[in-house]
Protein chains: 2
Amino acid sequence: MARSSDPTRTRILAAASRLFYAEGIRTVSVDAVAEKAGITKKTLYYHFRSKDDLVAAYLAARDQPNLELFKRWFDDSEGALPDKIAAIFRQLARAARHPKWRGCGFLRTTAELANLPGHPAIRIGAAHKKKFEAWLQTTFEAAGIAASGELARQMLLLLDGAFAVVLLHRDASYMETAGEAARALTTAALARRAKSAAPRRPPAAR
Amino acid sequence: MARSSDPTRTRILAAASRLFYAEGIRTVSVDAVAEKAGITKKTLYYHFRSKDDLVAAYLAARDQPNLELFKRWFDDSEGALPDKIAAIFRQLARAARHPKWRGCGFLRTTAELANLPGHPAIRIGAAHKKKFEAWLQTTFEAAGIAASGELARQMLLLLDGAFAVVLLHRDASYMETAGEAARALTTAALARRAKSAAPRRPPAAR
DNA sequence: CAAGGTATATTCACTGGTCAGTATACATTG
DNA sequence: CAATGTATACTGACCAGTGAATATACCTTG
């Protein structure tokens with residue numbers, strides 16, 4: 001069985017990742033992936049059972065790196081919580097101006113495979129977004145925000161809305177508008193905390 | 001030349017609409033559309049120059065009805081402006097619980113054709129969203145909101161984010177979360193108006 | 001009004017090409 | 001030599017678009 005560190009497997013995955021993200025799932029043939037990886041199709045089928053498998057692996061490989069990138073953007077930014085949230089959107093706006101940017105691979109794959117609800121790739125995409133939402137909620141909880149769950153969901157909605165709209169209009173400024181909305185909602189949530197519970201340590205996580 | 005009221009053309013478009021929305025663009029073959037419409041493929045090609053043409057016509061046919069539906073939901077709801085905005089999301093949540101619901105056809109088509117930036121279908125989708133945004137802005141302006149443009153964009157972001165997230169998780173409750181965020185942002189914008197300019201008639205449109 | 005013509009609308013059968021996946025065989029290496 | 005990995009060449013299905021012919025409806029003109 002091929003280990004995940006297998007160099008051939010890694011090469012295939014790198015080729016698949018670039019092609020699927022750039023062109024979409026259904027337009028990219030297995031032959032095209034094999035050629036880009038510099039191997040034959042049969043070798044690809046030695047490492048992956050089917051195209052669906054390969055698609056799932058493509059998204060699975062993006063899961064952790066993506067989450068870590070967002071956390072890094074958050075951690076490395078200056079200012080109070082609303083500013084650090086807005087920083088994520090600002091960085092994303094920067095990325096979206098790159099000509100090769102094509103939105104969120106998870107969302108685009110979901111949209112393309114919407115007729116196959118149980119598809120493994122969709123499950124992986126859903127899990128990815130859930131992880132991101134959970135991280136946001138934990139962050140808001142630590143800041144003493146009562147409705148941390150609702151706020152986390154709202155951030156997620158703004159983020160994914162921005163992915164979709166920026167892709168549609170090819171106008172990255174929507175990403176910054178989303179960031180401003182995220183900042184405003186976070187500020188308002190913090191203000192509610194300050195009112196209902198005097199400035200204190202974050203409540204013990206439970 | 002076939003007029004747009006042509007019954008055959010209408011039948012083709014109806015079949016295309018149901019199939020493209022349910023299954024996606026690239027998975028649906030022209031043969032499948034022709035069969036669903038009860039005609040031969042050659043007849044379809046008599047009425048539409050190409051598959052791309054048909055895809056564009058599919059979205060163009062959804063443009064006006066979709067906008068009118070949203071406006072109707074807004075007009076027919078009770079309460080103040082934030083409640084009427086939230087009503088759109090509530091109605092959409094109801095629609096999203098239907099098993100045949102597959103998100104926003106415009107966004108899904110854009111995601112699927114993201115590798116063809118100038119595609120006519122994407123242009124139509126972009127124009128559709130711009131019209132919706134313009135209607136929102138006009139509505140906010142009429143209510144005396146100063147930052148009507150920014151607020152309209154924020155509503156659009158929440159709406160399209162909800163389309164994407166609800167499709168991913170198959171969980172319509174995100175639509176209601178988006179509605180609450182939309183309500184909160186609208187309420188805040190109205191409060192800013194009340195502060196900066198005493199309750200007065202909406203400023204003359206310019 | 002009838003004969004012939006022209007534009008519209010539709011069908012059947014086909015083409016050239018692509019796609020996911022496989023059968024079989026060859027190579028490398030522990 | 002046996003397990004692992006890679007290559008060539010193929011299969012059966014499907015797909016966008018087309019060629020040639022036919023049917024229908026309306027229109028012109030003798």
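Every heavy atom of this structure was used, including side-chain atoms; hydrogens, water molecules and symmetry mates were not. Labels below follow one simple rule: chain letters A, B, ... track the order of the sequence lines, proteins then strands, and each chain is numbered from 1.
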What is the distance from [atom1] of [X] to [atom2] of [N], rounded to the nearest Å?
X: Glu35(B); N: dC14(D); atom1: CD; atom2: C1'; result: 14 Å
X: Arg9(B); N: dT10(C); atom1: CZ; atom2: P; result: 13 Å
X: Asp31(A); N: dG21(C); atom1: CG; atom2: P; result: 11 Å
X: Lys42(B); N: dC15(D); atom1: NZ; atom2: P; result: 19 Å
X: Ile12(B); N: dA9(C); atom1: CD1; atom2: P; result: 11 Å
X: His47(A); N: dT4(D); atom1: NE2; atom2: P; result: 12 Å
X: Tyr45(B); N: dC14(C); atom1: OH; atom2: C1'; result: 14 Å
X: Arg26(B); N: dC19(C); atom1: CZ; atom2: P; result: 12 Å

Lys41(A) (side chain) and dA7(D) (base): donor-acceptor pair under 3.5 Å: no
Base of dG21(C) paired with side chain of Lys51(A) (donor-acceptor, under 3.5 Å): no
Other residues, nucleotides, ligands: >12 heavy atoms within 6.0 Å of Glu180(B) CD: yes
Quick one: is [N] close enough that its OP1 or OP2 comes under 4.0 Å of any side-chain N or O from [X]?
X: Thr8(A); N: dG5(D); result: no
X: Ser29(B); N: dC15(D); result: yes
X: Thr43(B); N: dT10(C); result: no
X: Tyr46(B); N: dA9(C); result: yes

NZ or CZ of Arg62(B) within 45° of Phe20(B) ring axis and under 6.0 Å: no
Arg108(A) charged N/C atom sitting above Phe163(A) aromatic ring, 6.0 Å / 45°: no
Validation row: Gln91(A), Ser77(A) side chains within 4.5 angstrom (heavy atoms): no
ring-ring contact (aromatic ring centres under 6.0 Å, His included) between Trp135(A) and Phe70(A), intermediate numbers included: CA-CA 10 Å; Trp135(A) 170 72; Phe70(A) 282 15; 8.0 Å; no
Candidate nucleotides dC12(C), dT6(D), dA16(D), ranked by approach to the side chain of Thr40(A) - the nearest: dT6(D)
